[in-house]
Amino acid sequence: MEIGKTYNPSEAEAKWYPFWIKNNFFKSTPDHRQPYTIVMPPPNVTGVLHMGHMLNYTIQDVLIRRARMLGFNACWVPGTDHASIATETKVVALLKEKGINKTDLSREEFLKHAWGWKEKYGGIILEQLKKLGASCDWDRTRFTMDEDLSEAVIDTFIDLYNKGHIYRGVRMVNWDPQSLTAVSDEEVIYKEAQSKLVYVKYQIEGSDEFMTVATTRPETIMGDTAICINPTDERYSHLKGKQVIVPIVNRLVPIIFDEYVDKEFGTGTLKVTPAHDINDFNLGQKHKLQSIDVLTPEGKISEAAGAYIGLDRFACRKQIIKDLEELGLVSKIEDIKNKVGYSERTNAVIEPRLSMQWFLKMEDISKPALENVLNGEIKLIPEKFINTYKHWMENVHDWCISRQLSWGQRIPAWYDGQGNTVAAKTKEEAIVLLKSKNSELNTENVKQDEDVLDTWFSSWLWPITVFDPAVIRNGKANANEDLNYYYPTNDLVTAPEILFFWVARMAIAGYEWMQEKPFRNVYLTGIVRDKLGRKMSKSLGNSPEPLDLILKYGADGVRVGMLLCSPAGNDLMFDESYCEQGRNFANKIWNAFRLIKGFEVDLLKLNDNEIQQPNSSKTAITWFENKLSEQLEIINVHYNKHRMSDALMATYKLVWDDFCAWYLEAIKPDFVDGKSLPIDKTTFDATINFLESLLKIIHPWMPFITEEIWHLIKNREEKDCIIIAEWPTIKNNFDKKQLAEFEISKELITMVRNVRAQKLLSPKEKLDLIEKTSDNNSSNLNSTIIKLANLNSYSYSKNKIDGAYGFVIKNSEFYIPLTHNLNADDELKRLNKELDYYKGFLKSVLIKLSNEKFVSNAKSEVISAERKKESDTLNKINSIEEQINSLK
RNA sequence: GGGAGCUUAGCUCAGCUGGUUCAGAGCAUCUGCCUUACAAGCAGAGGGUCACUGGUUCGAACCCAGUAGUUCCCA
């Protein structure tokens, strides 16, 4: 069989993914095994795969694949969320293109369009995930607006309402004038903006005196209902009890005094517009001020303003400055930098606005979610996020859960038109409930709330309802088999950006309805940035197209590339060269396989005892057995501590350095007369075993190439696939002493190669190596050294060898006789340099040892280590001095 | 304005309880190799005032304080 010189990823990817699906390897149903569960953070249904997803889902796939190999019943649940604002914005835009206005449609008609959009375009991202190799149980795919999941959302609202956790009230909300909905605090992005601070003069009533107020929002002047001054500000103390005239509208408003005002900012006076600023709103509440809403939901000036009616808020700002200037009421205009809030979804400038909204009281309900993170029941990885989490949870605000949209679960609150409200699933149930509150109920007046619930109010149930949507109403005691088996889930992998949006709220929901955490570990990944440290985004155009990367480097290469540079919780500076490294690694594995596959195993000769297993191979096999156990132990520890990139790097080095560079070179048959000699069967079988073990260890990172090679090694049964192969086990009590001895041999071999490089000798030229020793302590490592250092002989001598290249490793002296290229002056120089180094080192050791406080305070192991350093270094210095003398 | 984190080789990062031969990887760099699995490779080498200043300690990259730069979160 001809095997290509380079690995072809796309072929393997096209072959194995459908094969895995066909064999149901991703499927999970409850059984006797222990479960290992991950619920996928549901991507936005409008989303397309970006680098952040790639990172996230690769990590999840690595975890789930390894768990599967460890014998767990691994279940990875995929799905999408309905992303109310994002989706609605998309659908509205699409309708607009067709000349349809959302306002002309009934709720039902609009939803029909939205569902149509979802069926057609939604969930592209899940298809893209398959290209990455994601081994989710696709049969379990969920959508937050699936009928049963939606019903669960309604159940939770009713439950919380009846428990008294939900209330409705007028509050200052972040209003998005573009999507015409309130958004939560977390969905507002504050950006630095260049603004104008306008100094406006307000006349004091009954005098010619003016006071100057600085504002960045002159368009809200019509909504002013007071001017506020710090009571300690002496400049204005004479104004107590006075009123001022609001320009443009000529309304009289009082001057009030409150510590809140910053004396240093602007002129130390503040115009109070309770309807349009959260702080002013609080002031207004405190001082019982009137509140005049001068803006419409669309961000235009309202009738209530009494001027500029219908003008856009930004146009009005320009116009009013001009008008005030003409009236001579502007004393100056300053350029300042301030923070302006933008909607995360529409990028419109957020307008603080008073409106009637539904809120969830967070204080009580969030307590267990805080406690159980602090006490370690839920682990955040890395731990530094516990601080952030704690801070947020201790200062948690009530959650505004209503959204003025159609796409989402409609709030199950019903009104009787006479001030009574109930929460119920259907109108019929609502009527029954309302009747008990209002005996004269006119059923015609019973109306349901028009708003829908925040999307996070769906996804906070995700780890529960993907398994059992009915549990909220049935109660935990009646949970179905799936939920009992899979809940709580094991690992949640997500971005720190949604630690509060989502992670904290899932924890809250978990304790509220399951009295149990929703996940054991939360692994927080970083943000994918470009080389310059900028967040990757479509708008900046600095993000590579993930699927193009997969085409270019292979899914395995990209997976490795992503994880090579991804420490937990830290942002990663992504660069395509990491994918290149991943691709190169795939190729390395491929070629190791090619070499092994190309070995000729001559069974006949083995039976005739003509091919003995060389000593060097025997030694190498023992060594690699030990090495594999040693490294596997390390890799397992890395996994258990969620150190993904360390686990990957350890795997990388085990394969590339230990297996390819040392083991394979050690067992590779000699090449004679342009032909490779056959390999003995014992060595060959051991090598195949090693290869299989390594492939298993590589598999979670690189599922495709490992499955491909697994099947190229030999013909296998249909179900004999690496994806469900058993994770290798560690050999008990592997020989650490042999590993250490081999390390010394490696050092020796490197030294010989180094001599070759220094003296410009061909690697083909065989050398002789003589160890100075009094006893002939030949070990079975010698044959390996002879082979890998390309020696004629490895011999022993009681005396030093004159005129040979000499060096010291540990406490042994070695000589390589060189017929030419040996210059005594050069050698002296080299040896003297080494001598200086060791003398300096000895000095530092001696200083330590002569320090009485060190000797009396340090632990005995530390002192004996220093003593050993001393004697070892003395020996070394002796050897080097001897060599120097022999050269003189 | 308040809070949290980060700063170790050119780049990206390890460094876990303060203590093994004067701080480790990977990539990149340099030198020599078209050696027969792999030039997407092989062999070898160089590269560091652990941000700065002070303190604690016999001993500090690690603990403490301050300074600077930087990132994030909250207002």
Side-chain angles (χ1 to χ4, degrees), chain A residues 3 5-7 185-186 190 262 278-279 339 382 384-392 395 397 496-497 499-500 526-527 529 531 533 553 557 564-567 569-575 577-578 580-599 637-638 641 643 645-646 648-650 652-653 656-657 660-661 664-665 668-672 674-676 749-751 753-758 760-764 790 810 837-838 840-845 847-849 851-859 861-866 868-870 872-873 876:
Chain A
I3 302 171
K5 221 173 165 179
T6 49
Y7 166 62
D185 291 345
E186 290 79 15
Y190 289 91
D262 180 358
I278 179 66
N279 299 308
K339 295 265 172 120
K384 66 176 181 183
F385 285 106
I386 295 173
N387 273 336
T388 329
Y389 184 87
K390 179 169 177 261
H391 187 256
W392 191 80
N395 300 286
H397 299 322
E497 299 163 294
L499 185 60
F500 313 127
I527 296 166
R529 296 175 181 279
K531 263 202 287 199
Y553 300 104
L564 273 174
C565 57
S566 63
N570 281 333
D571 291 356
L572 54 113
M573 309 299 159
F574 180 81
D575 188 84
S577 65
Y578 288 110
E580 203 179 319
Q581 196 183 342
R583 179 202 60 182
N584 293 354
F585 185 42
N587 205 46
K588 186 71 188 177
I589 298 164
W590 184 250
N591 276 292
F593 162 68
R594 278 181 70 214
L595 173 70
I596 296 165
K597 191 75 185 168
F599 287 152
V637 168
H638 284 320
K641 296 191 173 173
R643 291 189 200 146
S645 53
D646 287 347
L648 173 57
M649 189 45 70
Y652 182 92
K653 285 197 282 191
W656 199 307
D657 299 344
C660 293
L664 286 179
E665 290 303 328
K668 200 155 109 176
D670 284 334
F671 210 80
V672 177
K675 247 189 85 181
S676 184
I749 292 159
T750 300
M751 202 62 196
R753 287 171 176 171
N754 192 354
V755 172
R756 257 188 242 277
Q758 262 181 46
L760 302 172
L761 300 173
S762 155
K764 286 177 187 163
N790 195 24
K810 297 289 166 200
Y837 167 84
Y838 284 110
F841 179 72
L842 180 65
K843 207 172 141 192
S844 74
V845 173
I847 287 172
K848 252 192 231 181
L849 284 171
N851 182 338
E852 218 172 277
K853 283 183 172 168
F854 171 73
V855 180
S856 55
N857 285 325
K859 278 183 283 183
E861 305 98 84
V862 176
I863 295 169
S864 59
E866 290 301 316
K868 185 161 189 308
K869 277 189 210 171
E870 182 193 8
D872 286 356
T873 313
K876 208 149 202 173

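Just so it is clear: chains get the letters A, B, ... in the order the sequence lines come, proteins before strands, and each one is counted from 1. Keep in mind the model is a prediction, meaning the values are calculated, not measured.
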Writing each nucleotide of RNA chain B 5' to 3' as (, ), [, ], | or . by Watson-Crick or G-U pairing under 3.5 Å yields (((((((..((((.....[....)))).(((((.......))))).....(((((..]....)))))))))))).

Could you state the interatomic distance from CG (A:N587) to CH2 (A:W590), rounded to the nearest 0.5 Å? 9.5 Å

Just the rounded figure in Å: distance from C1' of B:G1 to CG of A:N395. 16 Å

Find the distance between CG (A:N584) and OH (A:Y7) and round it off to the nearest 0.5 Å. 14.0 Å

For A:T750, answer base if it contacts any base atom (sugar-phosphate contacts may also be present), sugar-phosphate if it contacts only those atoms, and nothing otherwise; contact means non-hydrogen atoms under 4.0 Å. sugar-phosphate

Fit a plane to each ring of A:F500 and A:W392, take the angle between them on a 0 to 90° scale, and name the class: parallel (under 30°), tilted (30 to 60°) or perpendicular (over 60°). parallel

Donor-acceptor contact present, side-chain A:N754 to main-chain A:T750, <3.5 Å: no

Whole Å only: how far is the CD1 atom of A:I386 from the C1' atom of B:G3? 16 Å

Closest to the A:F500 side chain, choosing from B:C73, B:G19, B:C27: B:C73

Separation of the P atoms in B:A23 and B:G66, to the nearest angstrom: 30 Å

Under the salt bridge (Lys or Arg N to Asp or Glu O under 4.0 Å) rule, collect the residues that match up with A:R753, sequence neighbours excluded. none

Could you check how far NZ of A:K384 sits from P of B:G3, rounded to whole Å? 19 Å

Quick check on RNA chain B: between A:K653 and A:F585, whose nearest nucleotide comes earlier from the 5' end? A:K653

Pairwise P distance for B:A75 and B:G24, with rounding to whole Å: 46 Å

When rounded to the nearest Å, what value does the distance between C1' atoms of B:U12 and B:C6 take? 14 Å

What I want to find out is whether A:D872 reaches A:K868 closely enough, with some N-O distance under 4.0 Å, to be called a salt bridge. yes

Taking only the C1' atom of each, what is the distance from B:A61 to B:U7 in whole angstrom? 12 Å

For atom P, what is the distance between B:C62 and B:U71, given to the nearest Å? 24 Å

B:G44 versus B:G19 - spacing of their P atoms, nearest Å: 31 Å

Distance, nearest 0.5 Å, that separates CZ of A:R643 from CG of A:L648: 14.5 Å

Contact class for A:H638 vs. all strands (heavy atom < 4.0 Å): base, sugar-phosphate, or nothing? nothing

ring-ring contact (aromatic ring centres under 6.0 Å, His included) against A:Y389, all qualifying residues, sequence neighbours excluded: none

A:L564 CG - B:A14 P separation (whole Å): 13 Å

Using whole Å, report how far CE of A:M649 lies from C1' of B:C13. 9 Å

Value in whole Å for how far the C1' atom of B:G19 lies from CD1 of A:I863: 11 Å

Nearest whole angstrom, please: distance from the C1' of B:C11 to the CG of A:L572. 14 Å

Touch class at under 4.0 angstrom, heavy-atom based, for A:Y652 against every strand present: sugar-phosphate

Note: for A:V845 and A:N387 on RNA chain B, the residue whose nearest nucleotide lies more 5' is A:N387

A:F854 to A:K848 - nearest heavy-atom pair and separation: CD2-O, 3.3 Å

Heavy atoms under 4.0 Å is the rule here; annotate nucleotides 31-40 of chain B 5' to 3' with B where the base is hit, S where only the sugar-phosphate is, and - elsewhere. -----BBBSB

Looking at every strand, decide which applies to A:D575 at a 4.0 Å heavy-atom threshold: base, sugar-phosphate, or nothing. nothing

Any A:H397 side-chain N or O less than 4.0 Å from OP1/OP2 of B:A75: yes

Contact class for A:R643 (heavy atom, under 4.0 Å): base, sugar-phosphate, or nothing? base

Interatomic distance at P, B:C22 relative to B:G48, whole Å: 15 Å

Taking only side-chain N and O atoms of A:Y578, does any of them lie within less than 4.0 angstrom of OP1 or OP2 on B:C11? no

Quick one: A:N790 CG to B:C42 P, roughly how many Å, whole number? 18 Å

Qualifying residues under ring-ring contact (aromatic ring centres under 6.0 Å, His included), relative to A:Y652, sequence neighbours excluded: A:F585, A:W656

Using atom C1' in both nucleotides, what's the gap between B:U20 and B:G15 to the nearest angstrom? 15 Å

Where do N or O atoms of nucleotides 58-63 of chain B meet protein N or O atoms at under 3.5 Å, pair by pair?
residue : atom : partner : partner atom : Å
B:C58   : O2'  : A:N851  : ND2          : 2.8

